[in-house]
Asker: 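Structure provided below as structure tokens; questions to follow.
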Amino acid sequence: MPNVTLYNPTTEEAISTLPSASVEETDAVIAKAKAAGPVWRAIAPADRARLMRRYADVIADHAQELGEMETRNMGMTIGNSVWCANNASNVMHYFAGAIEKFGGSTLPVASGVNLTFPEPLGVVGLIAPWNFPMMMAGWKLGPAIAAGNTAVLKPAEITPHTSVRLGELALEAGIPEGVINVVVGSGGNVGWRFVTHPDVRKVSFTGSTEVGKRIMAGCAEQVKRVTLELGGKSANIVFADADLEKAAAAAPGAVFDNSGQDCCARSRILVERSAFDRFLQLLIAAAKEFTIGDPMLPSSAMGPLVTKEHLATVRSFSDGLDTVFTSDVPTGPGYWHPTMIATPTDANARVVREEVFGPVVVVIPFDDEADAIRIANDTEYGLSGSIWTRDGAKALRVSRAMEAGTISVNSNSSVRYWTPFGGFKQSGLGREHSMRVLDHYTELKNVFISTEA
Ligand code: NAD
């Protein structure tokens, strides 16, 4: 069992050393989750719902502790990380309520009746990324156990603390042992074992498109159920008739939040040519207000990047980039990267096409509605996007034409746990959130009963 040392990205100091599970240890946890399945499903739905609500309350009671843990581990601002803890709690409440509301149907057919039952899958493997560790854990655990499954959760190796704590809090809340299992370890040992182990009946993966493709191919070997939430290169479209001040004020947060380490980051701002210069001025002014600093301080809008390695990746996009704005960064230790705004003219530049996953945004002019849609869709990704205009019909036309799973109009917000969330094209497969996600955590069984005499 090798150990992994974790560092605080703000101070570069080691904060903990955790054991990393082997394949054999992963197998033992999967066996434990399998054994807990009948125990969990034997609990009456109302009591399961009550346990999940208690779990939700326990998470909320520990929101500050969880938030500080997340901030120390990955550099997210404290406001965001406490918000994420409360979001995980809310998700748990939502899916507690779903237990008693989700069911099958009764369909009259010739000479009988058909009953449908959404059956739990069994053990489900949940693989989370490092950019929103606790929130992603909550998004997956809630529907997985509400649907009657037991879960094995693998946080990213570099950000396991809050997931481990969520596992402990589940036991404190009375969720039976084995229902929620957190396995800290590498993608190769733990994550891949979820893919290959026959007792893991589904893999829900959030992470990069590159790893997602490998997981999907691996799951194909056993026709294993798989859902994928992957990368993005989302467009923030600003029409000349929009409230430019409002759109510009919101744009930095839409891409620099969480240091740009956000799958929904609006990292391409498309601006109608007649409003381009004015918008750019407003955007630069707004970006100057987006303060970078110690993420534990409520005054900081952005902290450091997650690791030294990730800082090098982001720099591979930003080194030598011709920018119209580059912020200052704190001096001293920490994996700091400035916020940057660039207006590249080459549509094939890496910074225009690839997910940077850092605080770098490109601003691109467009000529008319058709041109905006063409540029927005000119990407292999399709996660989210925004449209700013005062023309409601245009907003709806463009929303329908955009190849993306989550669109917001006159807003940059993407995610509400009671509405479906997920990607088109190479941004993913399946959906998180809303009652619809329960279809991805159950298998529909159809039973015909003859009523013939
Ligand atoms: P990543 O793909 O490197 O890793 C994600 C998880 O997969 C980690 O837990 C990792 O250990 C595990 N993993 C790696 N190799 C594996 C393998 N061979 N088998 C099984 N598991 C393996 O992604 P990351 O760098 O942690 O996260 C950043 C990416 O996640 C970005 O591309 C981002 O856009 C995406 N993301 C998407 C969403 C969404 O909802 N669409 C949300 C958050 C992040």
Side-chain angles (χ1 to χ4, degrees), residues 4-18 55-92 126-142 153-170 172-173 180 182-185 206-207 229 253 256-265 292-311 333-337 357-359 415 417 432:
V4 190
T5 300
L6 303 171
Y7 297 87
N8 180 336
T10 308
T11 61
E12 300 186 33
E13 286 163 359
I15 48 173
S16 65
T17 300
L18 291 181
Y55 184 30
D57 287 339
V58 170
I59 295 172
D61 289 346
H62 290 78
Q64 187 65 29
E65 173 205 331
L66 287 161
E68 287 174 16
M69 200 179 256
E70 195 90 303
T71 296
R72 251 192 315 277
N73 191 176
M74 56 80 61
M76 180 186 291
T77 57
I78 187 70
N80 267 354
S81 54
V82 171
W83 187 93
C84 286
N86 285 313
N87 178 267
S89 165
N90 290 342
V91 166
M92 223 48 79
L126 314 176
I127 304 178
W130 51 258
N131 63 326
F132 286 103
M134 165 169 47
M135 195 166 77
M136 296 295 119
W139 288 14
K140 291 180 188 302
L141 287 171
L153 166 70
K154 190 198 100 58
E157 209 172 7
I158 54 172
T159 55
H161 286 122
T162 47
S163 294
V164 170
R165 190 73 184 116
L166 285 179
E168 292 166 359
L169 294 178
E172 246 175 64
I180 290 177
V182 181
V183 199
V184 177
T206 299
E229 294 291 348
F256 301 151
D257 222 33
N258 205 22
S259 309
Q261 304 164 134
D262 181 345
C263 55
C264 288
I292 306 179
D294 181 348
M296 283 292 183
L297 297 176
S299 55
S300 302
M302 190 183 113
L305 296 184
V306 68
T307 56
K308 203 190 301 182
E309 292 73 22
H310 188 57
L311 179 60
Y335 309 133
W336 306 103
H337 191 286
F357 228 51
V415 189
Y417 51 83
E432 305 261 24

Asker: Using modelled atom types only, decide if a donor and an acceptor are shared between the side chain of Asn258 and the backbone of Gly260 within a distance under 3.5 Å.
Answerer: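 Not at all, since once roles are kept as given, no pair shorter than 3.5 Å links the two residues.
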Asker: Would the distance check show the side chain of Thr71 and the main-chain N or O of Met76 forming a donor-acceptor pair, the cut-off being under 3.5 Å?
Answerer: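 It does hold such a pair.
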Asker: Given side chain to side chain contact (heavy atoms under 4.5 Å, CB included), test Val4 with Val184 step by step and report yes or no.
Answerer: CA-CA 10 Å; Val4 190; Val184 177; 5.7 Å; no
Asker: Please report the shortest heavy-atom distance between Ile59 and Ala85, naming the atom on each side.
Answerer: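 Minimum heavy-atom contact is CG2-O, 3.5 Å.
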Asker: Check Asn86, Asn87, Val91 against Met135 for a side chain to side chain contact (heavy atoms under 4.5 Å, CB included) and give me the one that passes.
Answerer: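 One option only clears the test, and that one is Asn87.
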Asker: Can you check whether Gly75's main-chain N or O pairs, donor with acceptor, with Thr10's side chain at less than 3.5 Å?
Answerer: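 No, because the side chain of Thr10 does not come within donor-acceptor range (under 3.5 Å) of the backbone of Gly75.
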Asker: Checking side chain to side chain contact (heavy atoms under 4.5 Å, CB included) for the pair Ile78/Glu70: CA distance, chi angles, key distance, verdict?
Answerer: CA-CA 8 Å; Ile78 187 70; Glu70 195 90 303; over 6 Å; no
Asker: Glu432 vs Thr206, test: side chain to side chain contact (heavy atoms under 4.5 Å, CB included). Steps then yes/no.
Answerer: CA-CA 10 Å; Glu432 305 261 24; Thr206 299; 3.5 Å; yes
Asker: Any idea which heavy atoms bring Ala137 and Leu153 closest together, and the distance?
Answerer: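 It is CB-CD2, 3.7 Å.
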Asker: Using a distance-only test with no angle check, is there a side-chain donor-acceptor pair under 3.5 angstrom linking His161 and Ser16?
Answerer: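 Side chains of His161 and Ser16: pair found under 3.5 Å.
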Asker: Locate the shortest heavy-atom distance separating Met92 from Gly142; write the atom from each residue and the value.
Answerer: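 Between these two residues, the closest heavy atoms are SD-CA, 3.6 Å.
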Asker: Taking all non-hydrogen atoms of both residues, which atom of Thr159 and which atom of Met74 are closest, and how far apart?
Answerer: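 Looking at all heavy atoms of both residues, the closest pair is CG2-CB, 3.7 Å.
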Asker: Could you tell me whether the side chain of Glu229 reaches within less than 4.5 Å of the side chain of Cys263, counting heavy atoms only?
Answerer: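 The answer is no; the side chains never approach within 4.5 Å.
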Asker: Enter the distance from Met296:CE to Asp294:CG here, rounded to the nearest 0.5 Å.
Answerer: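 Rounded to the nearest 0.5 Å, the CE-CG separation comes to 7.5 Å.
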Asker: Nearest 0.5 Å, what's the CZ-NE2 distance between Arg165 and His62?
Answerer: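 Here the rounded value is 5.0 Å.
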Asker: So, for Phe132 and Trp83, is the gap between ring centers shorter than 6.0 Å?
Answerer: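 Judged by ring-centre distance (under 6.0 Å), Phe132 and Trp83 do not meet the cut-off.
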Asker: Could you tell me which non-hydrogen atom of Trp336 sits nearest to which non-hydrogen atom of Leu311, and how far apart they are?
Answerer: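 Closest approach of Trp336 to Leu311: O-CD1, 3.4 Å.
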Asker: Evaluate the side-chain proximity of Asn90 to Tyr417: yes if any heavy-atom separation is below 4.5 Å, no if none is.
Answerer: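 Side-chain contact under 4.5 Å: yes.
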Asker: As a quick check of understanding, evaluate side-chain hydrogen bond (donor to acceptor under 3.5 Å, both in side chains) for Lys154 and Ser163, giving each step before the final call.
Answerer: CA-CA 8 Å; Lys154 190 198 100 58; Ser163 294; over 6 Å; no
Asker: Is there side-chain contact between Pro133 and Pro160, with at least one heavy-atom pair below 4.5 Å?
Answerer: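 Side chain of Pro133 against side chain of Pro160, heavy atoms only: no contact under 4.5 Å found.
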Asker: Please report the interatomic distance CD1(Ile158) to CG(Leu6), rounded to the nearest 0.5 Å.
Answerer: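 Answer rounded to 0.5 Å: 8.5 Å.
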Asker: Out of curiosity, Leu169 CG to Leu66 CG, how far, rounded to the nearest 0.5 Å?
Answerer: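 So the CG of Leu169 and the CG of Leu66 are separated by 6.0 Å.
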Asker: Between CG of Leu141 and CE of Met136, what distance do you get to the nearest 0.5 Å?
Answerer: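 One gets 12.0 Å once the value is rounded to the nearest 0.5 Å.
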Asker: Main chain of Val306, side chain of Gln261: is a donor-acceptor contact present, judged purely on distance under 3.5 Å?
Answerer: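 Confirmed, Gln261 side chain pairs with Val306 backbone.
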Asker: I want to check something: taking the side chain as every heavy atom from C-beta on, are Trp130 and Asn73 in contact at a cut-off of under 4.5 Å?
Answerer: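 They are not in contact (no side-chain heavy atoms under 4.5 Å apart), so the answer is no.
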Asker: So do the side chains of Ile180 and Tyr55 get within less than 4.5 Å of each other, counting heavy atoms only?
Answerer: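 Yes; the side chains approach each other to less than 4.5 Å.
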Asker: Could you check if a side-chain atom of Phe357 sits within less than 4.5 angstrom of a side-chain atom of His310, using non-hydrogen atoms only?
Answerer: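 Yes, side chains in contact.
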Asker: Within the 3.5 Å criterion, strictly below it, is a donor on Ser300 or Thr77 matched to an acceptor on the partner's side chain?
Answerer: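 Distance-only check fails for Ser300 and Thr77.
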Asker: Between CD of Glu172 and CG of Leu166, what distance do you get to the nearest 0.5 Å?
Answerer: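 Here the interatomic distance stands at 11.5 Å.
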Asker: Is any NZ, NE, NH1 or NH2 atom of the basic residue among Lys308 and Glu12 found under 4.0 Å from an Asp or Glu carboxylate oxygen of the other?
Answerer: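 Not counted as a salt bridge, because no side-chain N and carboxylate O are separated by less than 4.0 Å.
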Asker: Shortest non-hydrogen contact from Met134 to Ser81?
Answerer: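 Met134 and Ser81 have their closest heavy atoms at CE-O, 3.5 Å.
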